[in-house]
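Reading through the structure tokens given below for one structure.
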Amino acid sequence: MKPSEIKHLPAAEALLYADGLKAEEVDKPFIAVANSFNEITPGHIHLNKLVEHVKRGIREAGAIPFEFNTIGVCDGIAMGHQGMKYSLPSRETIADSIEEMISSHGVFAGIVFIAACDKNIPGHLKAAARLNLPSVFVSAGPMATGEYDGKKIGVKAAFEARAQFELNKISKDEYQKIVCSACPGAGTCSGLYTANSMACVTEALGLSLPGCATAAALSKEKEELAFESGKLIVEVVKNGIKARDIMTEQAFENALRLDMAIGASTNTMLHVPNIAEEAGFEFDLGRINDLSESTPNLVKLDPSSEYFMDDLHSAGGIPAVMAELNKKKMLHEAKTVEGELFARLENASVKNKEVIRPIENPYSESGGISILYGNLAEEGSVIKTSGIGPDFPRVFEGKAVVFDSEEEVNEFISKGKIEKGSVLVIRYEGPVGGPGMREMLYPTAGVSGLELDNDVALLTDGRFSGATHGACIGHIAPEAAIGGNIALVKNGDSIKIDLDSRKIDLIVSEAELKKRKQAWQKEFKLKELPNGVLNNFRKRFL
């Protein structure tokens with residue numbers, strides 16, 4: 001429905017006048033502004049101010065903004081307890097709620113999405129693909145980098161400090177200083193974790209203006225981008241460019257190549273295929289693996305190096321990385337919110353070759369994320385190879401130490417029981433088993449804090465945080481709760497990880513696996529859940 005058609009619906013017209021609309025404004029385009037502002041999530045706490053720049057831009061371009069809010073979970077606050085089970089389900093809640101707001105009112109010509117954190121941006125992207133209206137994204141922007149003892153730090157340092165403190169490697173005073181210094185203020189966490197990874201993917205898709213993903217949350221530049229995005233949505237509406245005109249199959253390939261080139265969070269492997277499916281395209285793990293193998297890794301940021309998002313922005317940001325990729329014709333021409341991708345990249349250049357490596361001198365010839373298969377992950381698993389140090393062996397064989405929840409492994413690590421050569425297996429944390437597929441930074445940060453990254457591997461059917469580094473393999477499928485072989489691992493079993501062959505195997509005979517499977521089927525019973533979010537989420541996977 002066009003806004004002008006409201007005149008045929010007197011109750012709707014009267015109610016819009018109650019909002020403050022003037023009679024002479026009824027014929028102007030109505031622009032929805034989906035804003036994820038809240039006061040608990042640092043990535044979102046400044047969005048009530050940023051949105052005013054967006055709305056000013058919309059008004060100056062001759063349209064009428066209508067703001068509404070969506071939820072947003074802070075994974076860092078939710079992590080380490082039962083709250084994290086609600087994080088991934090929130091993606092669906094966000095997408096559904098935006099669809100309901102837009103479709104029920106039926107008057108919006110376009111949408112500006114203002115999004116921030118890990119499941120929040122994916123939820124907004126799913127809604128954009130589903131609704132297929134003219135759309136422009138404004139990502140919240142990274143927070144300032146913390147500093148402690150003359151060194152730049154991010155939230156990962158706070159997680160690692162816990163393990164160090166529990167084992168008396170640092171004092172309580174030092175621990176408290178690190179925690180208080182890691183996150184200086186508003187914005188998404190300062191490393192290349194999931195929130196910033198998804199902002200980069202959004203820019204690579206062409207749905208946000210160049211520089212938007214990396215411009216700091218509280219910068220003048222971010223305010224200007226917000227204002228320009230508000231003006232731009234009106235132009236996008238006039239030109240009739242809808243979200244799926246931009247979210248093409250070729251655009252998703254571009255975004256995945258960018259993802260591999262910067263060594264983004266492993267959680268992008270959950271989100272990007274899911275968003276692509278919403279837009280009508282299939283990107284299974286095999287196809288993603290092919291893209292990874294042919295895409296060089298050009299960037300390493302925290303948690304994989306000492307560089308942060310502000311360094312990437314100063315070095316040229318996402319346009320500079322994509323321009324490097326396009327030197328070898330790795331990208332497709334595609335529409336963007338302001339025009340065409342290749343035009344966007346014409347003036348992009350790398351300003352710091354230590355932060356963004358030239359394509360002739362990459363960190364590796366293949367991408368920063370790999371998909372591993374084998375009898376432990378028959379349907380695939382995900383590892384951030386750019387986060388593995390050079391001293392970790394390319395073929396690692398270790399003894400399994402098995403845990404049936406995150407709480408169990410956290411207690412084990414806190415007591416200093418980890419031995420070199422171990423493979424910590426954390427199961428029943430998948431979408432069904434968790435349920436909710438918890439993200440687990442405490443165990444991975446604990447291993448890193450104890451400087452065991454080169455000596456220990458972690459496996460899970462749940463997820464690891466974007467702040468994770470080291471040999472951490474997540475998303476193992478099939479998951480334990482539906483009978484995947486990860487359910488059959490026993491303490492002391494040998495597990496072999498071959499990074500070059502991209503394989504992960506439990507070194508147990510087929511006969512033994514069959515015997516264990518039969519015993520598991522007799523003994524295992526899925527825990528019951530009360531009706532609610534987690535039960536509804538689980539049903540999607542059963």
task = Could you give me the CA-CA distance, side-chain angles and deciding distance for Gln82 and Glu406, then say whether side chain to side chain donor-acceptor pair (under 3.5 Å) is met?
result = CA-CA 10 Å; Gln82 295 297 303; Glu406 180 188 3; over 6 Å; no

request  = Decide, yes or no, whether a salt bridge links Lys152 with Asp302 under the criterion of side-chain N to carboxylate O below 4.0 Å.
outcome  = no

key: Name of the residue among Thr460, Val425, Val402, Ile426 meeting side-chain contact (heavy atoms from CB on, under 4.5 Å) with Ile486   = Val425

ask   = Are the ring centres of Phe113 and His124 closer than 6.0 Å?
value = yes

inquiry  = Show, in sequence, the C-alpha distance, side-chain angles and deciding distance for Ser265 and Thr194, and conclude whether the side chain to side chain donor-acceptor pair (under 3.5 Å) test is met.
reply    = CA-CA 5 Å; Ser265 164; Thr194 306; 2.8 Å; yes

ask   = Hey, would you say the Phe68 and Phe108 ring centroids sit under 6.0 Å apart?
value = no

query = Do the side chains of Met440 and Arg463 get nearer than 4.5 Å, heavy atoms only?
reply = no

inquiry  = Quick check for you: to the nearest 0.5 Å, what is the distance between Leu258 atom CG and Thr295 atom OG1?
reply    = 10.0 Å

Test applied, side-chain contact (heavy atoms from CB on, under 4.5 Å); reference residue, Phe37; option that passes from Val51, Asn69, Ile114 = Asn69

salt_bridge(Lys156, Glu160) N-O dist < 4.0 Å = yes

ask   = Do Glu439 and Lys119 sit within salt-bridge range, that is, some charged N less than 4.0 Å from a carboxylate O?
value = yes

query = Is the closest basic N to carboxylate O distance between Arg540 and Glu92 below 4.0 Å?
reply = yes

request  = Begin with the C-alpha distance, continue with both residues' side-chain angles, and end with the deciding distance and a verdict on salt bridge (Lys or Arg N to Asp or Glu O under 4.0 Å) for Arg287 and Glu249.
outcome  = CA-CA 12 Å; Arg287 185 174 178 184; Glu249 188 169 10; 2.9 Å; yes

ask   = Are Asp96 and Arg130 within salt-bridge range, i.e. N to O under 4.0 Å?
value = yes

ask   = Is a donor on one side and an acceptor on the other found under 3.5 Å between the side chain of Ser448 and the backbone of Thr444?
value = yes

request  = Identify whether the distance between the nearest side-chain nitrogen and carboxylate oxygen of Lys151 and Glu147 falls below 4.0 Å.
outcome  = no

inquiry  = Can you confirm whether Glu277 is buried at CD, in the sense that more than 12 heavy atoms of other residues, nucleotides or ligands lie under 6.0 Å from that atom?
reply    = no

ask   = Can you check whether Glu429's main-chain N or O pairs, donor with acceptor, with Arg438's side chain at less than 3.5 Å?
value = no

query = Within the distance-only criterion (no hydrogens, no angle test), does the side chain of Asp453 pair as donor or acceptor with the backbone N or O of Gly389 below 3.5 angstrom?
reply = no

Main-chain N/O of Lys300 paired to Ser305 side chain as donor or acceptor, under 3.5 Å = yes

inquiry  = Looking at His81 and Gly83, would you say the former's side chain and the latter's main chain have a donor-acceptor pair under 3.5 Å?
reply    = yes

Any donor-acceptor pair under 3.5 Å from Ser381 side chain to Ala377 backbone = no

key: Donor-acceptor pair, side chain of Ser314 and main chain of Asp311, under 3.5 angstrom   = no

ask   = How about Asp19 and Phe66: do any of their side-chain heavy atoms sit closer than 4.5 Å?
value = yes

request  = Establish, yes or no, whether the cationic atom of Arg56 lies under 6.0 Å from the six-membered ring centre of Phe227 and within 45° of the ring axis.
outcome  = yes

key: Full working for side chain to side chain donor-acceptor pair (under 3.5 Å) between Glu221 and Ser219   = CA-CA 5 Å; Glu221 183 180 4; Ser219 65; 5.0 Å; no

key: Spacing of Leu88 atom CG and Leu270 atom CG [to the nearest 0.5 Å]   = 6.0 Å

query = Do Glu253 and Arg257 meet the salt-bridge criterion of a basic N to acidic O distance under 4.0 Å?
reply = no

query = Within a strict 4.5 Å, meaning less than it, do heavy atoms of the Thr70 and Asn35 side chains meet?
reply = no

inquiry  = Within the structure provided, determine whether Leu225 and Val138 are in side-chain contact (heavy-atom separation under 4.5 Å).
reply    = no

query = Quick one: are Ile371 and Ser292 in side-chain contact, heavy atoms under 4.5 Å?
reply = no

task = Kindly compute the distance separating CD1 (Ile241) from CG (Leu133), expressed to the nearest 0.5 Å.
result = 13.5 Å

ask   = Does any non-hydrogen side-chain atom of Ile413 lie less than 4.5 Å from one of Leu450?
value = yes

inquiry  = Using 0.5 Å steps for rounding, measure from the CG atom of Asp75 to the CG atom of Asn120.
reply    = 10.5 Å

request  = Would you check, one step at a time, whether the test side chain to side chain donor-acceptor pair (under 3.5 Å) holds for His53 with Glu228?
outcome  = CA-CA 8 Å; His53 298 283; Glu228 292 300 326; over 6 Å; no

Which pairs of donor and acceptor atoms, one on a side chain in residues 180-187, lie under 3.5 Å apart (sequence neighbours left out)?
residue : atom : partner : partner atom : Å
Ser181  : OG   : Lys177  : O            : 2.7

query = Going from OG on Ser405 to CZ on Arg427, what distance comes out if it is rounded to the nearest 0.5 angstrom?
reply = 11.0 Å

task = Flag this pair as yes if the NZ/CZ of Arg162 is under 6.0 angstrom from the six-membered ring centre of Phe165 and inside a 45 degree cone about the axis; otherwise no.
result = no

